[in-house]
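What follows is one structure encoded as structure tokens, with my remarks underneath.
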Amino acid sequence: MKLIYQQMIGMLTTIIVSLLVVAALFIHSTTTAAWEDNFRQLSSYTSNLEQNALLNKSTINSEFIQSSERILSGQHVNFVIYNSKNQMRYPGVAGGSIQSKYWQQLKSGDSVAVKAATTNPRNGKTQNITIFYRPVFYSGKLLYVIAAYEPVEAIQTTISKTKRSVLIGFIISATVAVILSYFIARYTNRRIDRLRNATHEVAQGNYDVELETTGRDEISELASDFSNMTDSLKASEKEIERQEDRRRQFMADAAHEMRTPLTTINGLLEGLAYDAIPEESKAKSIELMQNETKRLIRIVNENLDYEKIRTNQIILQRQAFKAKRDIDNVTLQLHQKAESAGDELIVDVPEDLMVYADHDRFVQIIFNIVQNAIQFTQNGHVRITGQRGYQQAEFSISDDGIGMSADQVQNIWERYYKADPSRKNTKYGESGLGLAIVHQLVAQHGGTIDVQSELGAGTTFHITFPDEQETSDAQPADA
């Protein structure tokens, strides 16, 4: 069954049940009020007769009773008076008495109201009538019982009219409810159809779907959530495309970088195999092959290292140590590269500056950043400074090289990203993973790293390593 019909049936069922309950209660209350009003009228008539129809305690004023009956003839109200022996005294018709179960109540001083099919005291016919009995006492003794009775046809006619009016009102209300339910269900169904169509569009790969999110009901909230979902999907799709482009570029770069040393090694091996290399050049050839082999190992290790760090598979062995000695070792290792680029390495780190970190990973972080600075600086300066901060060790590595644009700074931590693609064939930064690894390692230490750069004005990296009491087992950020 379609949703529109389910909604209509649900709403109509609720409305119809509510109308039936209200109608039943209204008819019941109206019927009860009609009968109670009838008995109150008959009670007032008998009370009036008690005051005026009995001239004294033994004589009945028949003329007053007859006059009252003529006045009430339009309502078909008549009176009967019984003596203390349950004998009819008015009108002078022989026979007729009050049923014993009612007579006992009257003798006890209680008035009695009766609605039943019983014998009419006037004509002896069985009719549906209402009778009100009022006992009259004098000095504690029962003298008379005044009975006022009226056929129920008039009351039943009133009740029937009420029921007919309620039925008409019910039919009109139900008809209006059907129409309103249809339009409300149709309106709701249209909104759901729009959501369904949008879902089909998204399933087919179209994320440029816009839905109206005005309103404060659940469907509007669902439409708003759906729009947020499509925005996230679009962003994810763009990110996937961007990462895929980077991956393809990385594979091409890695293949190119590996092919070069492999070609060199293969050529040298062939030369050695066929004695094509002079004896005095063999030692140089072997050294060249060793360098190219190390280069290949470095490329492979960087990729393996990055994946381990990214998936949190490494365990940091943090300890407190002096940073100056390790930074000096890094500059010593990179001295030849800096010299070949015409760069001067400057270290300004206090001898007693303590850092709390994994020793090997700390060296790896400093080494990668300094190497990166040398790569992009020609005939300039690379400065490494360190100082104590508030419960942390702070380091800055700055250069006066080519610098980076704002877009390059934004993407510098992305894996496979190279700020200067023209340098991808150099012997530094073969994989484009160096800074991505640095970013992951600093995050695992619970520290921070940020970069400030300007095209043509150099670059500065700021790194912090929190002390032991401030360090938390932070998860690496996804680069």
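Side chains included, hydrogens not; waters and symmetry mates left out as well; all remaining heavy atoms used.
Side-chain contact of E292 with Q290: a donor-acceptor pair under 3.5 Å is absent, judged by distance alone. Of the N and O atoms on the side chains of S47 and R134, not one donor lies less than 3.5 Å from an acceptor on the other residue.
A side-chain hydrogen bond (donor to acceptor under 3.5 Å, both in side chains) check over residues 11-31, counting only residues at least two apart or in different chains, returns nothing. Residues in residues 451-465 take part in these side-chain hydrogen bond (donor to acceptor under 3.5 Å, both in side chains) pairs, two or more places apart or across chains: S396-H462, T448-T464, S453-T459. Residues in residues 319-348 take part in these ring-ring contact (aromatic ring centres under 6.0 Å, His included) pairs, two or more places apart or across chains: F321-H359, F321-F362. Within the structure, salt bridge (Lys or Arg N to Asp or Glu O under 4.0 Å) pairs that include any residue of residues 349-360 comprise K324-E351 (at least two apart or interchain). Sorted by first and then second residue, the ring-ring contact (aromatic ring centres under 6.0 Å, His included) pairs with a member in residues 258-300 form an empty list; sequence neighbours excluded.
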Q | Worked verdict on E394 versus Q392 for side chain to side chain donor-acceptor pair (under 3.5 Å) | A | CA-CA 6 Å; E394 300 175 353; Q392 64 183 12; 2.8 Å; yes
(message) Using side chain to side chain contact (heavy atoms under 4.5 Å, CB included), reason through V178 and V176 one step at a time and then give a plain yes or no.
(response) CA-CA 5 Å; V178 169; V176 174; over 6 Å; no
Between F461 and N372, does a side chain to side chain contact (heavy atoms under 4.5 Å, CB included) hold up when you go through it step by step?
CA-CA 11 Å; F461 289 86; N372 183 80; 4.1 Å; yes
Run the side chain to side chain contact (heavy atoms under 4.5 Å, CB included) check on V363 and N329 step by step: do they pass?
CA-CA 9 Å; V363 172; N329 288 337; over 6 Å; no
- Item | Working for side chain to side chain contact (heavy atoms under 4.5 Å, CB included), residues L268 and L288 | CA-CA 9 Å; L268 292 172; L288 181 59; 3.7 Å; yes
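Of all non-hydrogen atoms in V355 and A323, the two that sit nearest each other are CG1-CB, 3.9 Å. The heavy-atom pair separating V349 from I384 by the smallest distance is CG2-O, 3.9 Å. When all heavy atoms are compared, the tightest approach of A338 to L345 is CB-CG, 3.8 Å. Between A148 and L42, the shortest heavy-atom distance links the atoms O-CD1, 3.7 Å. In terms of heavy atoms, T377 sits closest to A341 at O-CB, 3.9 Å. Across every non-hydrogen atom of G386 and P350, the tightest pair is O-CD, 3.1 Å.
Using a 4.5 Å heavy-atom cutoff, the side chains of I366 and D326 are not in contact. Side-chain contact between H445 and V442 is absent, with no heavy-atom pair separated by less than 4.5 Å. Looking only at side-chain heavy atoms (C-beta outward), I397 and R383 stay at 4.5 Å or farther from each other. When side chains are defined from C-beta on, F376 does not count as touching D399, because their heavy atoms never get closer than 4.5 Å. Taking the side chain as every heavy atom from C-beta outward, F170 and I16 approach each other to under 4.5 Å. Counting heavy atoms from C-beta outward, F367 and L334 have side chains that approach closer than 4.5 Å.
Atom CZ of residue R325 and atom CD1 of residue I327 lie 12.0 Å apart, to the nearest 0.5 angstrom. Atom CD1 of I369 and atom OG of S398 lie 11.5 Å apart (nearest 0.5 Å). Atom-to-atom distance recorded for T385:OG1 and L353:CG is 10.0 Å, nearest 0.5 angstrom. Note: Y356 OH to Q391 CD = 14.0 Å, rounded to the nearest 0.5 Å. Rounding to the nearest 0.5 angstrom, the gap separating the CG atom in L441 from the CD1 atom in I365 is 5.0 Å. For the atom pair CD (E239) and CD (E244), the distance works out to 12.0 Å, reported to the nearest 0.5 Å.
By the salt bridge (charged side-chain N to carboxylate O under 4.0 Å, His left out) test, R194 is found to be paired with no residue, residues two or more places apart in sequence or in another chain being considered. Judged as a side-chain contact (heavy atoms from CB on, under 4.5 Å), and not counting sequence neighbours, the contacts of T293 are I265, I297. Remark: D193 pairs with R196 by the side chain to side chain donor-acceptor pair (under 3.5 Å) rule, at least two apart or across chains. Residues meeting the side chain to side chain donor-acceptor pair (under 3.5 Å) test with R388, sequence neighbours left out: D467. With sequence neighbours left out, the salt bridge (charged side-chain N to carboxylate O under 4.0 Å, His left out) criterion links D37 to R40. In this structure, the side chain to side chain donor-acceptor pair (under 3.5 Å) partners of E344, at least two apart in sequence or on a different chain, are H381. When the side chain to side chain donor-acceptor pair (under 3.5 Å) test is applied to T264, no partner is found at least two apart in sequence or on another chain.
Heavy-atom contacts from other residues, nucleotides or ligands closer than 6.0 Å to CD of E241 number more than 12. More than 12 non-hydrogen atoms from other residues, nucleotides or ligands lie less than 6.0 angstrom from NZ of K282. By the 6.0 Å contact criterion, NZ on K284 is open, its count of non-hydrogen atoms from other residues, nucleotides or ligands being 12 or less. For F26, the CZ atom counts as loosely surrounded, since its 6.0 Å shell holds 12 or fewer non-hydrogen atoms of other residues, nucleotides or ligands.
A donor-acceptor contact shorter than 3.5 Å links the side chain of S232 to the backbone of N228. No donor-acceptor pair under 3.5 Å is formed between the side chain of N206 and the backbone N or O of E201.
Each of I346, V347, V382 was scored for a side chain to side chain contact (heavy atoms under 4.5 Å, CB included) with T331, with one residue passing: V347.
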